[in-house]
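FYI, side chains are in, hydrogens and waters are out, and symmetry mates aren't considered; it's all heavy atoms of this structure. Below, chain A is the first sequence line, B the second, and so on; all start at residue 1.
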Amino acid sequence: MNPDNDLLERSLRHAVSDVDTSPEFTDRVLLGSRRRRFRRRAGMATTAAVVTVLVGGLAASTPAWLAGPDSTVPADPRMGEPTRGDLAKDTAFLDKVLSTWRAEGMASNNLAAYDAKDCWEFTKPAHVHWAGNTPAGPAALVLQPTRATSGNCRIEPGTSTWLALVGTRPDDGAVHVLYTAGDRGQEVFAFGPKSGTLLATEASGARGVSEKIDVGRDGTMTRRVQALSFRDGVALHRMEAGAYVERDFVVTPELPDSQGRVTKHPLYISQAALHYTPWPQQDWPRLRGALGGIHIPDDAGRRQLLRNALRHAGMTDPFSPTFEISANWSVFAALPDGRTVGVTERFADSSSHLYAVLLPGDKQSQEKLVRGEKVQQTVVYGGRTDQKAGHVLMRLPDRQGWIVASQGAVMRYRVGNQPWVPLGGDAALLPDAATEVQLSRPAALGSDPVVKTIPLT
Amino acid sequence: MTSTDETFAEFVRMRSPVLLRTSFLLCAGDRGAAEDLLQDVLERMFCRWRRIAGPPEPYARKALANAAANRWRTRSRRVAEAPLDDVLGPSEPGHEDGVIARAELVRALAALPPKMRTVIVLRFFEDYTEEQTAVALGCGKGTVKSQTSRGLARLRELISPDASELLEERR
């Protein structure tokens, strides 16, 4: 490379030196991925403008079902049933539901921006399966027979019946198509303000709901399950679990036994919530937290180690929902007594909780833990984390010291009136005798750093 | 959590900050567009996660490069981010610090056609060879050569003289 090319390369790197993802970026990607996977599985990919839309007897072109028999999936028997629910006779509302579906049904599900192909078509008029009042306002379930069209759409050919939830969207107060489910197991929806209203069809297999994780004083996590009550083929449940209900709740296909155990996995309800609140946890993707004592070289392995250690201690979600997300930071340090400590946080019950795992310092034991095998370990619960503080601080048992961390901070500590001892990174293991730690963080350009002195008591 | 979900989540969490930097340059400094582009690429990768052979990061970079050219066709429909002049402080390093000032550089990148900009980013930020760049973009080596040459020439025109005179073609 000549020096001139080096200038361009250096300049490009400088231009991105402070570019970082926003705190909720990972969550947005995961949510979007689940939605996209669902749509792909359900075979929904087309442009709204060119498909044959046949709803409520409104034909846009030759009825598609005349073109050939459907044979892949038997017709949904609910198509032949009368509309159920306490608004089943409200013709004005039913008309509004169907007109909303006609206007938005195809467009709300299309993947035209990515596939740009006509991948499915509506084969019969839509049918309102259920219409009723809910805690989030009037809502209805619309059944729509569809067929995948031929062509390179990367979807399975054949027919299926979608079920769509039409209801009031909190942001504009108007009736819209809120969700569309492509198979029965997906017919569980959370909608309305804070996604606090749960609606499940009997066909979904849902039998119980757990609104949140209960975190005990020792940091253990448990769940209570409430039975869903079905009427007219639909269960409605009002969830009161705080600001992060869409993160906390799970729907189960069975009720727990007398010991509180369930044997089946919770339902995969990836489409259950539009509202998605970022977790209140430290966002420290660049925290330099490897302070020694850890023999697992990669971050993924270290996360697995912590996850398994906490799971063995009963300090993870007992229902292990899909996409359980751990923190994007951890601190590992070699302890004076030869053990290793790993510190991280876990989200539960609308809050983030701090945990320290004290584990053997040898490589073999740590690799066992990564594989899910049990080893001698001690887990210490550090309580709910204070996001506003901008740092985490935790005293370790057996006089092993203090763990302090704050991404981007310059730190130092002292013992009594002795001189301050500077620390190297933005995480550290302090001696147990330390009495004060000082964190200095850069402020706005032209301003002095923000200095915080914390007594260690 | 399924293993697919878990490994994908880990990949997104760990590698997004790095991938965003490439995306930022491909989008010529438009931070919002860069996140949108990366999110789009990652979501697509999730659907194919089990079928991606080899390490996922090179796949993501290649997908980013290809998506950048296509994505840009619709750029005019989205609201642009705040102009860089508004967000960069007065102490922004410049030529005296041995680099081209960011605002100047991304403004010049923005003036390049999408494919030319992508070639420049792959060659000088990702350190791709001409062959690797050609493979990533599905074009010939000759195209990469010509796009590089014209891209550098255009950059020289667009940035201030004291920096532009330092820009030469990579051998």
Side-chain angles (χ1 to χ4, degrees), chain A residues 1-22 24-41 111 113-114 154 265 268 270 285-286 298-301 303-304 307 317 320-329 444-446, chain B residues 1-2 5-14 16-17 19-25 29 31 34-35 38-40 42-47 49 74 89-91 93 95 97-106 109 120-121 123-127 152 155 159 163 165-171:
Chain A
M1 184 187 302
N2 66 45
D4 309 327
N5 293 337
D6 188 43
L7 169 70
L8 178 55
E9 184 169 327
R10 246 190 1 258
S11 300
L12 289 168
R13 298 200 186 288
H14 168 261
V16 300
S17 57
D18 61 351
V19 173
D20 204 350
T21 48
S22 52
E24 74 282 2
F25 181 75
T26 297
D27 292 344
R28 278 200 283 120
V29 170
L30 297 183
L31 180 65
S33 299
R34 285 178 290 173
R35 285 181 174 151
R36 191 174 299 208
R37 177 170 65 179
F38 164 75
R39 287 172 181 150
R40 198 169 289 278
R41 283 177 175 174
L111 281 178
Y114 311 106
R154 291 166 290 168
H265 289 295
Y268 185 74
S270 63
R286 296 190 308 281
D298 59 297
D299 285 328
R303 288 172 199 278
Q304 189 66 41
R307 195 156 40 225
D317 185 346
S320 297
T322 302
F323 273 116
E324 182 184 21
I325 296 175
S326 51
N328 63 0
W329 66 273
L445 278 171
Chain B
M1 185 189 292
T2 67
D5 294 351
E6 194 171 281
T7 57
F8 178 74
E10 287 291 341
F11 175 72
V12 172
R13 189 179 303 110
M14 300 306 300
S16 288
L19 291 168
L20 182 66
R21 296 180 172 199
T22 302
S23 186
F24 180 83
L25 293 174
R31 172 62 183 272
E35 281 210 357
L38 179 58
Q39 181 174 351
D40 182 51
L42 291 172
E43 287 179 9
R44 290 197 212 194
M45 283 181 67
F46 179 62
C47 298
W49 190 244
T74 59
S91 63
H95 310 146
D97 300 293
V99 293
I100 304 166
R102 176 166 67 173
E104 188 174 12
L105 182 63
V106 297
L109 284 173
I120 293 291
V121 171
R123 294 279 285 119
F124 294 95
F125 181 70
E126 294 290 353
D127 208 24
L152 287 173
L155 285 176
I159 61 180
E165 66 186 18
L166 297 175
L167 293 179
E168 298 293 341
E169 285 184 44
R170 173 168 285 185
R171 307 294 175 211

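B/F8 places a side-chain heavy atom less than 4.5 Å from the side chain of A/L30. In this structure, A/F25 and B/L20 have side chains that are not in contact, with every pair of non-hydrogen atoms separated by 4.5 Å or more.
Residue B/L19 does not touch chain A at all, counting heavy-atom pairs closer than 4.5 Å. Contacts of B/L105 with chain A are made by side-chain atoms alone, with heavy-atom separations under 4.5 Å and no backbone atom involved.
In terms of heavy atoms, A/A15 sits closest to B/L25 at CB-CD2, 4.4 Å. Across all non-hydrogen atoms, the minimal contact from A/V29 to B/E43 is O-CG, 3.8 Å. Closest approach of B/R21 and A/V19 over heavy atoms only: NE-O, 3.1 Å.
The distance from atom CZ of B/R13 to atom OG1 of A/T21, rounded to the nearest 0.5 Å, is 11.0 Å. Rounded to the nearest 0.5 Å, atoms CG (A/L12) and CG (B/L109) are 6.5 Å apart.
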